[in-house]
Amino acid sequence: MGTRRGPPAPTAQNGRVREAVTQARRIVVKIGSSSLTTATGGLDDARVDTLVDALAALAAAGREVVLVSSGAIAAGLAPLGLPRRPRDLATQQAAASVGQGLLIGRYAAGFARHRLTVGQVLLTVDDVTRRAHYRNAYRTLRKLLDLRAVPIVNENDTVATEEIRFGDNDRLAALVAALVDADLLMLLSDVDALWTGNPTRPGSTRITEVRGEADLAGVDIGGAGRAGVGTGGMVTKVEAARIATGFGIPVVLTAAPLAGAALAGEPVGTFFHPARRRPAARLFWLAHATAPRGRLHLDPGAVQAVVGRRKSLLPAGITAVDGTFTAGDPVDLVDVDGASVARGLVNYDAVELPGLLGRSTGELAAALGPAYEREVVHRDDLVLL
C-alpha cells in the first residue's frame, strides 16, 4: 500500500476518495458467496438483482466492469442435497460443476434485463503464470470489454487441484484487476467495512482509510465469514487489498448492499490508498499468483548477480535442486541460508538440472549442444522477493 503520510483535512480527504471512485473508468468488483446465497446454499435472487442493477448502472454510464464472483460451490449445495460446504476437493468440484451453471445463468438473466451480455471466464493459476496463457487471458477479457459485455470471472474449481489454485477469489480479484489494468477494485462482503476488531464487540471502530501498514497495526482481522459457505473472510480481503494497492490500484471494501452507494462515491466502507508506482504486470503476477514447484540453491556469487545486478541465473551458480518441476514452472531461488530471494520461470525440467550444475553455458553448449547455452532462469522471467 502507499506510503503513510500525515492525514489531510477530513473534507478534502473524503473528496479525493470519492473522486478516485467516481472517475474510475475500468472497475473490477468482487462479491463473496455469503453475499449471494442463502444460509442453505441456494442463490438469493434479490441479492443477485441488487448487485446486477448497480453494475448495470456503471455500464450504462460508459464505464467498464469486470465481475469476479464467488458462489459456484455454494450454489451447488442445495441441488445436490449437501447441508454445508464440503471439505474434500472432489465434492467441492462436484458442487462447483452444478453451481457454476446456475450462477452464470442467473447473472445472464439479470443483466439481460439491462440489455447487457455476460461472458463467463474461468481461470486457473496456469492461465496467469505461463506467458502464452497470461496473454490469452488478457486478450479474452479485453475483447469482452470492447464488445461491451460484462466478463464474469471465477476460478475453475472443477479442474483446480489443492496444489495449484488461487486459494480464494479475493486474491483472484486483485490479480484480475492488475491484469486488466483496472482503475479501481471493489471488494464486497457481508461486513460494511474494515473494523479494528469484531464489529459486534464494544470498542471496535470502523477504519475509513488505509494509507499503509501502520494503519493496520493492532487491527484484529478475523477468519472466514459467518455464513460458512465461502473460503475467505477479512484476512483474505486485506491481503487482496495489499496486492492491488501494490500494483497502484485503489481498493474499496464494503458490504454488498452498499455497492451502489460506494460506486456513486459516497464515503462508505474502507478506502485503501494505492502505491505510487506500478511494477511490471507479468512479474507482479509471478510474485503474487504462483506457488513454487521447486527450489534452486544459489551460491553467494549467483545471489549477488541475480539480486544485486539483476542478471539471469546460469547453471554455474546453482549448487542444488529441490522439487519436481518442468520447464516453464515457477521456482524459488534461495540463498545459502535457504531464504527465498527471487522467483522465476525455469527453462529446464528438474531431472535435467543436476547434470548442469556448476558448469558454464559455453562448456554445456560444447558438450551437449547449443540448446544448453540458455539461462536456467532468464532475467525477464524473474522477480525479486
Side-chain angles (χ1 to χ4, degrees), residues 1-32 35 51 54-55 57-58 61 63-68 169-171 173-178 180-197 199 204-222 225 232-278:
M1 277 162 277
T3 303
R4 182 171 169 81
R5 295 170 293 179
T11 301
Q13 187 178 55
N14 290 337
R16 281 200 295 272
V17 169
R18 288 195 295 270
E19 184 177 325
V21 175
T22 57
Q23 292 191 356
R25 306 307 303 167
R26 186 175 304 129
I27 302 170
V28 173
V29 177
K30 185 269 175 180
I31 190 162
S35 299
L51 174 66
L55 300 188
L58 290 178
R63 301 162 83 181
E64 295 179 340
V65 181
V66 177
L67 174 61
V68 178
N169 273 353
D170 294 313
R171 182 167 172 242
L175 297 171
V176 167
V180 301
D181 199 19
D183 301 310
L184 177 72
L185 170 63
M186 180 165 289
L187 301 172
L188 302 175
S189 71
D190 52 2
V191 181
D192 67 336
L194 177 64
W195 289 65
T196 56
S204 294
T205 58
R206 184 168 71 92
I207 300 173
T208 58
E209 294 186 57
V210 175
R211 292 181 173 272
E213 291 298 325
D215 291 334
L216 298 174
V219 176
D220 180 17
I221 302 173
M234 203 53 67
V235 172
T236 63
K237 288 168 181 57
V238 170
E239 182 56 31
R242 285 191 178 105
I243 293 172
T245 55
F247 193 69
I249 300 171
V251 177
V252 173
L253 167 63
T254 193
L258 298 176
L263 291 167
E266 296 183 26
V268 299
T270 300
F271 183 86
F272 293 79
H273 288 262
R276 294 183 179 181
R277 296 181 61 186
R278 290 190 175 188

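FYI, side chains are in, hydrogens and waters are out, and symmetry mates aren't considered; it's all heavy atoms of this structure. Quick note: residue numbers are just sequence positions, from 1.
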Q | For the student: nearest non-hydrogen atoms of P199 and S204, plus distance | A | CA-CB, 4.3 Å
Q: Run through T254, T208, L253 and flag the one making a side-chain contact (heavy atoms from CB on, under 4.5 Å) with V268.
A: T254
Q | For A178, side chain to side chain contact (heavy atoms under 4.5 Å, CB included) partners two or more places apart | A | F247, F284, W285
Q. Partners of E64 by salt bridge (charged side-chain N to carboxylate O under 4.0 Å, His left out), sequence neighbours excluded?
A. R26, R142
Q) Which atom names give the shortest non-hydrogen contact between A240 and A174, and what distance separates them? A) O-CB, 3.4 Å
(Q) Using only atom types and a distance under 3.5 Å, with no angle test, would you say the side chain of T245 pairs donor to acceptor with the backbone of P250? (A) no
**Q.** Minimum heavy-atom distance A24-L184, with the two atoms named
**A.** CB-CB, 3.7 Å
Q: Enter the distance from R211:CZ to F272:CZ here, rounded to the nearest 0.5 Å.
A: 13.0 Å
**Q.** Check against side chain to side chain contact (heavy atoms under 4.5 Å, CB included), K30 and N169
**A.** CA-CA 8 Å; K30 185 269 175 180; N169 273 353; 3.7 Å; yes
Q. For D170 and E239, what are the C-alpha separation, side-chain angles and deciding distance, and is it a side chain to side chain contact (heavy atoms under 4.5 Å, CB included)?
A. CA-CA 8 Å; D170 294 313; E239 182 56 31; over 6 Å; no
Q.
For the backbone of A264 and the side chain of T22, can you confirm whether one donor and one acceptor N or O come within less than 3.5 Å of each other?
A. no
Q | Verdict with supporting geometry, L51 and L67, side chain to side chain contact (heavy atoms under 4.5 Å, CB included) | A | CA-CA 10 Å; L51 174 66; L67 174 61; 4.2 Å; yes
(Q) For A255, give me all partners under side chain to side chain contact (heavy atoms under 4.5 Å, CB included), at least two apart in sequence or on another chain. (A) D192, P257, L258
Q) Which residues pass the side chain to side chain contact (heavy atoms under 4.5 Å, CB included) test with A177, sequence neighbours left out? A) V28, A182, L185, I249
Q. Considering residues at least two apart in sequence or located in another chain, which fulfil the side chain to side chain contact (heavy atoms under 4.5 Å, CB included) criterion with Q23?
A. E19
Q. Which pair of heavy atoms, one from V21 and one from A262, lies closest together, and at what distance?
A. CG1-O, 3.2 Å
(Q) Return the OG1 to CH2 distance between T205 and W195, rounded to the nearest 0.5 Å. (A) 7.5 Å
Q: Supply the atom-to-atom distance T196 OG1 to L216 CG, rounded to the nearest 0.5 angstrom.
A: 11.5 Å
Q | Step-by-step side chain to side chain contact (heavy atoms under 4.5 Å, CB included) determination, I27 to R63 | A | CA-CA 8 Å; I27 302 170; R63 301 162 83 181; 3.5 Å; yes
(Q) Going by salt bridge (charged side-chain N to carboxylate O under 4.0 Å, His left out), name the residues that satisfy it together with R206, two or more places apart in sequence or in a different chain. (A) none
**Q.** Approximate separation, where rounding is to 0.5 Å, of E209 CD and L194 CG
**A.** 12.5 Å
Q: Taking the side chain as every heavy atom from C-beta outward, state whether I243 and R171 have any pair of such atoms under 4.5 Å apart.
A: yes
Q) Are any of the side-chain heavy atoms of V252 and L187 separated by less than 4.5 Å? A) no
Q: Would you name the heavy atoms of A61 and R25 that are closest together and state the gap between them?
A: O-NH2, 3.7 Å
Q: For residues V235 and V238, determine if any side-chain heavy atom of one lies less than 4.5 Å from a side-chain heavy atom of the other.
A: no
